[in-house]
Structure formats: structure tokens, C-alpha cells
> 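The structure follows.
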There are 4 protein chains.
Amino acid sequence: MTTEQIDLKMRKIPRQARSKASVDAIIQACRRILVKRGYEALTTNEIARVAGVSVGSLYEYFPGKEAVVAAMVRDMADRYFQTLKSEITAKHNNSYENAMRHWVGLLFNLVQENKRLVQVLVFDVPYSFKIIPFDTITTEFFNIVMKGAARSQNQYKLEVTPEILYLISTTTAGTLTGLVFAPSPYVDKERVLDQLANKIAAWMTQ
Amino acid sequence: MTTEQIDLKMRKIPRQARSKASVDAIIQACRRILVKRGYEALTTNEIARVAGVSVGSLYEYFPGKEAVVAAMVRDMADRYFQTLKSEITAKHNNSYENAMRHWVGLLFNLVQENKRLVQVLVFDVPYSFKIIPFDTITTEFFNIVMKGAARSQNQYKLEVTPEILYLISTTTAGTLTGLVFAPSPYVDKERVLDQLANKIAAWMTQ
Amino acid sequence: MTTEQIDLKMRKIPRQARSKASVDAIIQACRRILVKRGYEALTTNEIARVAGVSVGSLYEYFPGKEAVVAAMVRDMADRYFQTLKSEITAKHNNSYENAMRHWVGLLFNLVQENKRLVQVLVFDVPYSFKIIPFDTITTEFFNIVMKGAARSQNQYKLEVTPEILYLISTTTAGTLTGLVFAPSPYVDKERVLDQLANKIAAWMTQ
Amino acid sequence: MTTEQIDLKMRKIPRQARSKASVDAIIQACRRILVKRGYEALTTNEIARVAGVSVGSLYEYFPGKEAVVAAMVRDMADRYFQTLKSEITAKHNNSYENAMRHWVGLLFNLVQENKRLVQVLVFDVPYSFKIIPFDTITTEFFNIVMKGAARSQNQYKLEVTPEILYLISTTTAGTLTGLVFAPSPYVDKERVLDQLANKIAAWMTQ
DNA sequence: TATGAATGAGTATTCATTCAT
DNA sequence: TATGAATGAATACTCATTCAT
């Protein structure tokens, strides 16, 4: 989140199998370093070393480590959104609350499974919100919430205000962040998720 | 949020007025640099230069820039909590919802006024949650929420669960974060705060 | 003009039309890069890219970029000397001074037209005088001056000393260099060339 | 002689004796490397090593090696001009030609004594004419020529044209360059200088 | 105590050159 | 022959930290 421009685009897209393998190794190495040793351990030379390629090759495809992080995040986000969408598509002969509960559970698991990586990306990488802007996330989020709502047997209220929708997304984001990064010994995570789904369902349907 | 240890304590506490002035100048310089140019511009030499003291003097009192940031944050947090508490102490011959609305409004303003600094601290400084652990914040938050509740004319429910309390704090945190750092053109901030207070009040009192 | 040896010879001479075309493309690319972006932008990879051939092909014919520059310079010098000689061959039913004036004008135009390239070669390329040694230039120059003199109606003095001949070449070189690379707003270029021809003629014939 | 901007200014001027010594050592090291091993051997790390200081210290005072070269050249030029001026001030109960001869001899010796350094600066360093622009040199040159003329017993012509003055400076520059960097086995250097002085005197006084 | 010059390990990045395909 | 992906030595530059004054 610094003001100067950072180049987050790849220099060229690998065509041959050999290059694709190199780029993939670089991205995996980036992930491994971030998870094991954090952002400050992430240097171009180290990425190349862990990936088993030369620094030269890294710079062939990326203008710097920031672009490697960006590629990794985009990869990850694509797979996340894919997972979420496909799960939503599954039939829920269910109440809205149950559908919502299923979905926030999914989301929680995704973040929980990648806790360390998400933590580093959100709290240490200064340009992570330039890779995937917040409103992209929010838009995807809305689409998914709506899709999920449509799938459920109960209709949601037509007069739902933008403020309520906004509250739903910030509430969900805040709660998941809390559960993953600031868990309390006094609360049961599943019950918190129950409550979360219950409240959201109430806002949407009552 | 790296794994190795960072020394966040001051080396010694300044006794003389001159030393106090130096330490103060250092902390102010730290804040100014973070606000104007971000964390990556924060170097010990630069802090000293802006503060008008020598690097040697900085190292006399702090083991490194991280400790300067820590001192600054602790200062800031003290003043924040103080403000919040004193505001809560004011009489609210008022509903719980109104008290809550007043209070989230206050909190929002505090963050909004220090937007850039909070942004840098939360999203760029890797050790900010080591300075003030999340549960410290949560504890203070609970105290305040409870105190506020007690001050209001209406009693809150006695059977409020820890999960609901937890949800209140994560919801508030998430919503304020969203309003400040990811505002939507489609929502009115004050209305979102209205809704937030309304929902929290409902959870506490119904 | 460094002390270690630089290989300025081509690795092999292209026989087939396709190879000749590649080599030609490489030399043209070299010239274009030098003119547009200077010597520091001249890399083997860039030459190959601009030429539309692979680096591998470049190294097939040249041991390095220095040899490409050398080939380009030799090409250029050949054409320059050719032009000068053929122009001299033209009849000048003329005074020696007029013949000289015509000739320095020619020379000036040649340099002026290739100003940027000559500038880069002379002032930036450290090995340019190893490509065509100074005395080769001087010798050609003498030949031309003498030929030109012979063509003119007036005879030059027989007792012309080597020192005067030397002075003629350094004076011409210095003046053309000055006019092209350090022009003065206070002098008219054509008049300077007039004077130059006038003085040289005087030295040769009086 | 590249188009982009190069920073040729010092970062700060050393005040303390210790810093002055460092800066001096850096400049001497720069000269030594240029003379012994040429411009391509000039790296910031190498300058620091030869100077016996750390790279950090070099960067404390200079933004890069270019600025070190610039400082060295300015030093050198100052001393050159000083020498030339003081020599001109000496009385010449002498003809203009003799004064001129004395002076071009001086100039020749200065260049000859620093042959290798001047060679590297003029033909290898791409930004040398940005350090001391050509017209600064020419202006100084004119001043000196005029001063020298005034000192001589004979008056120079009042109607001397700008073109003749220009020719004098380019002729002198070209001839000195030739004598130092492209000497001919067939000419005697002193005699060439004799002729040079003789011709210039003729242009100025006849 | 205060100063700030000096240090040098560490990081980003380029580019000549090779060699498997 | 031609290709262009891969290599890695080499270089510029920064910044936390020390220590002589």
C-alpha cells in the first residue's frame, strides 16, 4: 500500500513446456518462502534458489518479486473463487440460513487452511490490495451471496438495502479474520459461524 | 509477523527534559515519515534526520526502528483508549442503541482521522500485532462495550453468549475497516453505522 | 581503448543468401540501436531482437557485440571513402582552393548526416580506433588531398613539408569536429569552411 | 553523451578533515583506475577498495561513479586553467607568435603528461562533455588567447572575425589531439607546434 | 552524553554466452 | 543451422549499526 508504482505484470507468458515449468517452480517457491519464513525473507535470489532456477530466468518472466507475488495471488484467487462458485452450485434443498452457514464454513476453511499465507499477504505485503482490489473481492462476494440466496428455498427480501449488503460483507470479512487470526479461548468457532449465518439470514429474509 | 524475535522495548527511559524531548522528537518523526512516505521509507537514519537528532542518540534509547514504531503505537493506543473511555463516561440518558451508535461513530472518526497511519501500521508493518496483541484490543473493546451498556438506561440481556460478544467485536472491526479502507460509492457511511449500532443493540438486548 | 584484447573479427563469412541477409540485418540493427539509444543500450540480445534473428545466430557469425560494431564501422568507412574518392575524381576546372572547399564541404556533410552515429562511435565506443586505426584514416586522407590537389589546375608547392601536411589533416579534423559537435552561434558554418579551404590552399600553394 | 540524465553533482561537501580525506582518496582512486585500467574497470566497489574506504562512504558523498569522475575532472580542469592563466600572466617581451608558441607548447605538455587520462575521458567516458561543456572550454580558451595577445608587443587585428577565432580554437584542438593521440613518425612535434603558432599569429595579426 | 562518519553485508538487476532442442 | 530458454558472474546501491571524537 505504498504510493509509487509497482509493476505487477509478468514480462512474458511462457509458451514452451520448459518455461511453464520454470514459472510454476518460481511461483511455488514464492509460496513456500512466504509460508515458512515470511515476506522479509522473500528475495529474488532466494526465490530462484528455492525454485531451482537461475535469477536470470526469474527476471526473464517477472520484473521483480512483487510480480511473482502477484502471479501467485492471482493463481490462488482464481482457484478460491472457482471452489466457492462450484460449491454454491451444489443443490441446497435448504433454508437460506443453512446455505449461508455452509458457505461461510467453506470460506472459513479456505482461509484457515492457508492461514499463514493469507496472514503474510494481508498484513505484511504492502501492495496486496493492488493485486486484487478490494472491490473485486466484494463484487465476487456479492455475486456468490446472491447466487447462494437464489439457490435456497426461501426468497430473500427484495427491499434489501445496499447498506445491509455492505454490512454483510464487512461482517463476514471481520468475523473470518477474527476467527483465524485472533481466536478467543472463550468462543467456539463453529458456534460463531452458526451465529454469523443466522444473523445474515435474518437481515436478508426478515 | 515474522517468526524471529524483534526487540520492541526501549533501551532506557529518558529522565532529563532534554532526553525526553529527543525521544519525543524521534517518535513524532517516525509518525510523520510513516504518514507521508510509508513504512519502506522508515530508516533509522531518516528518523534521526527528521527528528533533528543524531542516529547515535536514537540508538541510545531504541534498539532499532521497530522499537520506535512500537513506542509510537503504544502512545497512540493509550490516547485512543483514553478518548474512548472518557467519551463513554459521559452520560447517555439514552437507549442502548443510541449509546452504541455514538460510540461506533467515535471509533470510526478516530480511525478515519488517522487513516493513512492506521493503514500503514495494519497492512505494511509486519510486527504491529506484536506491539499490541489482538486480545488486548479485544479486551479493552469488551470493557468499553460493557461499560457503555451499563451506562445506558436499558439493561442488556444477561444471557448474552461469548459468541455474540465475539461477533460484536469482529463485526465492528470489519465494518470500520471496510468503511475506511474499502468504501463503496453505493453506501452512505452514516447509515451503515446506524445499521451496525442497530444490529448490535438488537443482539445485546433482545 | 582498453588494454585487454577485444575480438573484432567476424567468426565466419556468410555464403548463402539467407546468412548474408541475417548478417546484414544484424548490422543494420546495430546501427539503429546506436543511433536511437546509444552505446549503452547495445546488447547482443537487443541487437538480435531488433534484427529479427536469434542470439544464437548472432554468435554464429560474431564473437560479440564489439565485432558487430566493427563490421558496421568497416562497412560505413568503405562507403565513406568510396564516396569521397568518386567525388574527387569529378573534374574541377577550378582553383585548388575551390577544389579544397568542395571537398571539405563534402566531408562536413558526410559527418553531419551521421552526426549521432559518429558521436557515439568516437566519444562512447572505447575501441573504435582499434577498428580503423587513426593512421589508416590519415593515410586515406592524404591520398585524397593529394589526388584532389593533382586534379586542380594549380600545382601545389613541391617543398610542402610533412609538418604542413600533418597540420592540414589535424586542422581539418579539428574544424569538422568542432562544427558538428560544438557549433558556435556566433559563426557561420559555411564561412568557417570557406576560411578552412582558404588557409589550406594558402599553405599548399604559397 | 547519452540522452538520459546523469547526476554529476556531489551529494554533500565534506566539512571535517576526516571526510575531506575520504573524498580526496576516492577521487585519487578514480584517477588511478582510469589511468591504469580504463573506464570499464571503474566500478564503485573498486573505487572504494582502491581508496581504502567503504562503498557506503563513497555513496555518502557521491550519487554514483559518474559524479566521482565529474569531481575529478572539475578538479583537474581547475588546475589546468590555473596553470595556463598564470603562465600567460608572465611577461612576454615577445612577438605574438612567440607568445602563442609558448602557450600551445604549454597546452601540449599538459595534455601529453596526462595522455592516458585525457584519452579515457574524451574517447571512453560518454558524459565527459556534460561535466565541462565544450563552450566553457572554448570561452576559457578565447580569454586566454586574447590575454596572451594583449600581453604580446604586437597588436592583433581589430577586424578579426568570429570565424577566424573559431578556426583558431578548432585548429589548436585538432592539432594537439593529433600530436598526442595520432603522432606520425614523419613529423617532428615541435616543428608542428612551431607551424601552428606561426599560422595562428598570421591569422591574428596580418 | 551526543555526534555523524564510516562500515559492509545484503539485495536487486543485467547481460554476455551457452547448449539442448 | 537456427532457436531462445537458461545461466550466473558481476555491479550498483542501501541501510542498520558502530565507535572515535
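So you know, we letter chains A, B, ... as the sequences are listed, proteins then strands, and number each from 1. Values below: all heavy atoms of this structure, side chains included; hydrogens, waters and symmetry mates excluded.
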> Take atom OH of Tyr59(D) and atom P of dG10(E), then tell me their distance rounded to the nearest Å.
18 Å

> Among dG4(F), dA5(E), dG8(E), find the nucleotide with the atom closest to the side chain of Ser54(C).
dG4(F)

> The side chain of Val55(A) lies closest to which of these nucleotides: dT14(F), dA9(F), dA5(F)?
dA9(F)

> If you check the Ser57(A) side chain, which of dA6(F), dG4(E), dC15(F) turns out closest?
dA6(F)

> Please check if any side-chain donor atom of Ser19(D) sits under 3.5 Å from a side-chain acceptor atom of Ser22(D), or the reverse.
no

> I want to confirm an ordering. Mapping Glu66(C) and Ser19(D) to their closest nucleotides on DNA chain E, which one lands closer to the 5' end?
Ser19(D)

> Would you state whether a donor and an acceptor, one from the side chain of Asn45(C) and one from the base of dA16(E), lie under 3.5 Å apart?
yes

> Using whole Å, report how far CZ of Phe62(B) lies from P of dA2(E).
13 Å

> For the pair made of CD in Gln16(B) and P in dT1(E), what is the distance, rounded to whole Å?
6 Å

> Pick out which of Arg11(D), Lys12(D), Arg18(D) makes a salt bridge (charged side-chain N to carboxylate O under 4.0 Å, His left out) with Glu60(D).
Lys12(D)

> Think Arg11(A) has a side-chain N or O under 4.0 angstrom from the OP1 or OP2 of dT14(E)?
yes

> For Leu42(B) and dC15(F), give me the distance from atom CG to atom C1', rounded to whole Å.
12 Å

> Of all the nucleotides listed (dA6(E), dG4(E), dT17(F)), which has the minimum atom distance to the side chain of Thr44(B)?
dT17(F)

> For the residue pair Phe123(D) and Phe123(C), categorise the inter-ring angle as parallel (less than 30°), tilted (30 to 60°) or perpendicular (more than 60°).
parallel

> Provide the closest heavy-atom pair for Leu42(A) versus Val69(A) in the form atom of the first, atom of the second, distance.
CD2-CG2, 3.5 Å

> Roughly how many Å is it from OH in Tyr61(C) to C1' in dT3(F), rounded to a whole number?
13 Å

> Looking at every strand, decide which applies to Glu46(A) at a 4.0 Å heavy-atom threshold: base, sugar-phosphate, or nothing.
nothing

> Without decimals, in angstroms, what is the distance between Leu58(D) CG and dT14(F) P?
11 Å

> Using heavy-atom distances to pick each residue's nearest nucleotide on DNA chain E, tell me which of Ser22(B) and Gly56(D) is more 5'.
Ser22(B)

> For dT17(F), which nucleotide in any strand shown is its Watson-Crick or wobble partner with both distances under 3.5 Å?
dA6(E)

> How close or far is atom P of dT17(E) from atom CD of Glu60(C), stated in whole angstroms?
15 Å

> Please confirm whether the shortest side-chain N or O distance from Lys65(C) to OP1 or OP2 of dT17(E) is below 4.0 Å.
no

> How many angstroms lie between atom CZ of Phe129(B) and atom CD of Gln119(A), to the nearest 0.5 angstrom?
9.0 Å

